[in-house]
Structures are given as structure tokens and as C-alpha cells.
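Quick note on labels: first sequence line is chain A, next is B, and so on, each numbered from 1.
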Amino acid sequence: MQVRWEKLARWRREGQAYPNGFRRDALAGDMQRRCADMDAAALEQEPILARLGGRLMSRRIMGKASFADLQDGSGRLQIFLGRENLGEGLYGMFRDLDLGDIIGVEGALFRTKAGELSLRASSLHLLAKALRPLPEKWHGLNDPETRFRQRYVDLIVTEQARRTFQIRAGAIASIRRGLLDHGFLEVETPMMQPIPGGATARPFVTHHHALDMTLYLRIAPELYLKRLIVGGFEKVFEINRNFRNEGISTRHNPEFTMLEWYEAYADYRQAMDRTEALIRSAALATLGTERIRYQEQDLDLGRPFARMTVAEAVRSHNPDLRDANLRDPLLLGEKLRDLGVPVRTGWGWGKRLVEIFEKTVETQLQQPTFITEYPTEVSPLARCNDLEPEVTDRFELFIAGRELANGFSELNDPEDQARRFQSQVLAKEAGDEEAMFFDSDYIRALEYGMPPTAGVGLGIDRLVMLLADQPSIREVILFPHLRPEQP
RNA sequence: GGGGGUGUAGCUCAGUCGGUAGAGCAGCGGCCUUUUAAGCCGUGGGUCGAGGGUUCGAAUCCCUCCGCUCCCA
């Protein structure tokens, strides 16, 4: 590194060390594509000139001539540098470059004896010095901490990382297009909320000085989006960050990206159909196929997703409960004890059943599966089933053993909603830090009348994990949360 | 919070039974005009995560702490 600083100092003495005059007129990846079918003779007959800018990634120096690999945002191209073409001065300058330097080259394309498309450099410019060495050219960067902390280095050397974030952008674009095409309006609602609502989770707390008030980073946009439904925007969606002050794991980051959409005059069944369609087209748009491979497992997003109720799922994965009464709190409590899950006071049959589901079924759901009929007890914002008010018209979608989406027919009865908030407040007073607050303005909004509506929340990061075949959420977030670096 | 793994050169990693700290890549010097993980010769580079202990002697054994990581709660 010392040597690189000395080289930079020399560049500064000799003139412009960070020139800004070089303009490129081609990209490496474009050239590869354009010349894919041209052999050596074709390139000689019809010379293609190109000016490329990019990073010097590797070099093979053979005395009076050298090969180098240039990487830009589109891909890589091999460069041939001969003393004959460049002259003594520029060739000497090339030999003085370091891996990682940002350079500009111009020349004509040709094919080498080995058939590789290459650019015969006729001139060369150093555009920016790399003062720090790149990681090892073959093994790349392996230490996960460094990869996340210095994502810029990871992106330089890890092809898979670049690909992952391209898939991410493609999936989001596909979903946005899909919703816009169906007449949805994209909106932005508050990230800082006086009452954090829309989910059961522990919020981050902050303080607004001028107003001298406590504000919470949102855990979900749900209640604001439904206020917009009341307002007459009948199809809305938002793709943005949620914040939850909870543990960090391969599936959880304190801030994560959530898609939520709401559609008036629809119910949870149509919401399931739309969920399925959006995921399918995101896979097609990014991977070109509906049959994907996730962590050694084949998943088929093309077939209609399976649908079963919570109770059905629990029965089929727990033979001992096949004929049991799944609304008997005592029986469910015994099962939980067998599973080693401590039963907290206040848990009714619904909460107990969902705990059993999470413990025994969730990770088993590899192929896409909608689970429906969530107990009302654990669904404080969902509409009760008309025939069976103990359960709600709600679903969650599981793929590869992970929850990907959650949706329901919205509860639009203000009296019922007020009662549900009330029982959440009781749970909070009993010590449940994740329980909801009572949001009286939201009740007021419902009192103006909200049409029957279906809504869905879909975890974007988890969808990207699936599409990009990544085992950890930190692989799909550019700058995942880390402890501050030690001095 | 509990358990496992791990921390050695810029990067990727070896390091045996406790006995002078190693390789490859990257760097530096030299040779080399069709290489593509180029090759060959030479060469510099270390707070072995930190602190303590055992020992004639510790990267290695013991203790404490810290970081990272995976699994579980």
C-alpha cells in the first residue's frame, strides 16, 4: 500500500491524478454480446473501435506485451497491451499500474489465438488510483463480516453479490409494474408514527424535539394505508422499510423492506390469487423460470399454490392430534409442554394452536403453501369469518419453510376493531411488549366507513432470498445492520 | 440467554506431540509478444483477536474477555 501512495504522489507531481476528461463510448458486456458471433476474420474485416472505462482486475505480463482484464458495470473484457501499439511511455505506465486501478482504454476489438474477444489498446489513461489492494483474485472475499461492512469491496470482487442485487431490483420492478398495471396507486405513508400500529412487534422509539413528543419508527404501514382506502383511494400499495426492535438472525434485520397493498371490494381469496401472480411474475422477470432451486431444493412456483387451514396443517404434521379437538386449550397446552414451549398466561386456544403450528409445521412447508383460518385471537386487524367468528379470513404464505406474506379480508367494523384493540391493550398491560396500542384515530377513520377490503404484506427481502438462492437476509440487504467497527 | 465453530501477512488458508511463524495470491526486482488462476528466478511483509496463567520455552495447553459465525430459545 505504501508503494501505491508513492505512485499516486508521483502522478500528482506529473499532472492531473484524478482526471475527469475521459469519456467512454462502450461497455464490456455490450461488446461481448455484440461480437459473440464474430470470428477473428470478421473482426479484422470490420474493425470495431471502443473506448472503455473500468477497473483493472487481473494482469498477465509477458515482457513486451500483456493481457489484462477490465471490469465495468456490464461485465468484463480482456485487454491486449503491446509495447508496439502503445509505445514505450504508455506501456511503462501500464506496468506501473496496480490491480484495482480505474483506467480508460481505447482500441480495436480482435480475437486472440485462444478465441477470446479482446481490445487491442492504442491508448491508456489512469482515471483513479486504487490505494488499497483488492482481495485475492481467485478466492475473492470470504469473511462475511468484511463482505457486509465493506460491501463496496464485495461488489467489486463477488459476481454473485452483484447478481443478487440485480435480482432484487428486478423483483421489485416487476412487482411495482404488476400492481401499477392493475390500477394500483403507489403511495408513501409516515415512517415516523405517534402510535406504531399494523403489526405486533417491538418498535424503535425516538423523540421529536420541536414538538416534544415520542415518535416510533413504523413497524408496518398498514393502518395508514387503510385510512387511504377510507379516503377513496381504492387500490393502494407501498414498498418501503419497516423497523422492528428485535433480534437479528438469518431471517431478520432491524430494518427490512415490506410491500403492502390494499384493494377495496376484494376478499382474502382474491388477495391470495394476486400474491401468487406477483411472485410468479417476479420469478419470471428475474430468473426467466417458475421452477427455482433454493438451497438444494426444487421449488415450483408455476403450479397453483397449495391451500390448507391452520388446523388441517397441524393435524397432518402431528399424527397424535389427528382426531383431537384443536380448540381445547388444555389439550393444546399439554401438547405445547411436550414440545417444550412454555405456555404463558392469557394464551387461548388460538394462540396455543398457532404456537404448535409454528413449532411443528412451518419449516416443513417447502413448496408454496397458503395457510388459512388463523384464529381471531392472533389476528387483531383481520375480519372474522362470517360462519365461524373464532377464526379470521386470513392467510399466510410459506415457501421454503419461511413466512413470505400475510394477508386478510380487512376488519372494517369499528366497534369490533375497538374491542380488538382493547384486548391488545390488556395484553400490553400484562407485559406483552409486542402487543398493539389503541389507535383511536384509526377507529375514527373506520367510523366514516371503509369498504370491504383485502390487504397483503409481502416481505421483499425474503422473496429476494428465495429468488437469488441466498440463505441469509444479510445477503440480500446491501448494508445489513452490524455492530460498529472496533477502533 | 444456551450450545457449536472460528479469529495467524492486504486476501484465501496451512501450522503435527509445546521447541526459530509458513504457502498461494497480491506487492517489490528480474526474464518473457497470444496469456486468461499465465510461467520461471529472486525478495520484502506478522501485536498469531486482547489480557492473564502453566512452562526452560506457548499460535499451540488452561482461565477471562472481545469479535465474527451457525444452531437453539
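The residue T250(A) sits close only to the backbone: its heavy atoms come under 4.0 Å of sugar-phosphate atoms, none of a base. Within the nucleic acid shown, D143(A) comes within 4.0 Å of sugar-phosphate atoms alone, with no base atom in reach, counting heavy atoms only. When heavy atoms are screened at a 4.0 angstrom cut-off, Q78(A) is found touching base atoms of the nucleic acid. Contacts of R83(A) with the nucleic acid, taken as non-hydrogen atoms under 4.0 Å apart, are absent. L141(A) comes within 4.0 angstrom of sugar-phosphate atoms only, judged by non-hydrogen atoms across all strands, and of no base. Residue G340(A) is classed as having no contact, given no heavy-atom separation below 4.0 Å to the nucleic acid. Residue contacts for R474(A): at a heavy-atom cut-off of 4.0 Å it reaches the sugar-phosphate backbone alone, with no base atom in range.
Counting to the nearest Å, the P atom of C32(B) and the NZ atom of K64(A) are 5 Å from each other. Between the CG atom of L56(A) and the C1' atom of U35(B) there is a distance of 14 Å, rounded to whole Å.
One C1' atom belongs to U43(B), the other to A23(B), and the distance between them is 15 Å to the nearest Å. Atom name P, nucleotides A59(B) and G46(B): the rounded distance is 16 Å, in whole Å. Here the separation of G49(B) from G5(B), taken at their C1' atoms, is 16 Å to the nearest Å. Nucleotides U64(B) and G10(B), compared at atom C1', are 31 Å apart to the nearest Å. A gap of 42 Å separates the C1' atoms of A38(B) and G18(B), to the nearest Å. Nucleotides C71(B) and G44(B) place their P atoms 44 Å apart, quoted to the nearest Å. Rounded to whole Å, the separation between the P atoms of A37(B) and G30(B) comes to 26 Å. With P as the reference atom, G1(B) and G19(B) are 38 Å apart, rounded to whole Å.
Within the 4.0 Å cut-off from OP1 or OP2 of G39(B), not a single side-chain nitrogen or oxygen of R60(A) is found. For the pair R120(A) and U35(B), the criterion of a side-chain N or O lying under 4.0 Å from OP1 or OP2 is not met. Close to A73(B), at under 4.0 Å from its OP1 or OP2, lies a side-chain N or O of K359(A). Residue K7(A) places at least one side-chain N or O under 4.0 Å from the OP1 or OP2 atom of C28(B). The phosphate of A26(B) (OP1 or OP2) has a side-chain N or O of K137(A) nearer than 4.0 angstrom. At the phosphate of C13(B), OP1 or OP2 sits under 4.0 Å from a side-chain N or O atom of N142(A).
Of all nucleotides present, only G39(B) satisfies the Watson-Crick or G-U wobble test against C31(B), with each distance under 3.5 Å. With both pairing distances under 3.5 Å, G45(B) is matched to nothing as a Watson-Crick or G-U wobble pair. Across all strands shown, U6(B) pairs with G67(B); the Watson-Crick or G-U wobble distances both stay below 3.5 Å. Base pairing of C11(B) is made with G24(B), judged by Watson-Crick or G-U wobble geometry with both donor-acceptor distances under 3.5 Å. When both distances must be under 3.5 Å, the Watson-Crick or G-U wobble mate of A58(B) does not exist.
Comparing D96(A) and V341(A) by the nucleotide of RNA chain B whose heavy atom lies nearest to each, the residue mapping closer to the 5' end is D96(A). Between A65(A) and D98(A), the residue anchored closer to the 5' end of RNA chain B is D98(A), taking for each the nucleotide with the nearest heavy atom.
Counting only N and O atoms by type, the side chains of T360(A) and N318(A) include a donor and acceptor under 3.5 Å apart. Using modelled atom types and a 3.5 Å distance limit, the side chains of R474(A) and N253(A) yield no donor-acceptor pair.
Listed nucleotides: A26(B), C32(B), A38(B). Nearest to the side chain of R95(A): C32(B). Distances were taken from every side-chain heavy atom of F110(A) (C-beta onward) to each of G10(B), U34(B), U33(B); the shortest belongs to U34(B). Closest to the side chain of R4(A), out of U35(B), C28(B), A26(B), is A26(B). Listed candidates were A26(B), C32(B), C68(B). Nearest to the side chain of R483(A) is C68(B). The side chain of H139(A) lies closest to U12(B) when the candidates are U12(B), G27(B), A73(B).
For the pair R202(A) and Y216(A), the NZ or CZ position fails the cation-pi test of under 6.0 Å to the six-membered ring centre and within 45 degrees of the ring normal.
Taking the charged nitrogens against the carboxylate oxygens, R55(A) and D101(A) have no contact shorter than 4.0 Å, which rules out a salt bridge. Note on R315(A) versus D323(A): no salt bridge recorded, every NZ/NE/NH1/NH2 to OD/OE distance being 4.0 Å or above.
Atom CE of M192(A) sits in a sparse spot, with 12 or fewer heavy atoms from other residues, nucleotides or ligands closer than 6.0 Å.
The side-chain heavy atoms of D25(A) and E106(A), taken from C-beta on, include no pair separated by under 4.5 Å.
Listed by chain and residue number, R337(A) satisfy the side chain to side chain contact (heavy atoms under 4.5 Å, CB included) test with E334(A) (two or more places apart in sequence, or in another chain).
In terms of polar N and O atoms assigned as donor or acceptor, the side chain of E116(A) never comes within less than 3.5 Å of the base of U34(B) in a complementary pairing.
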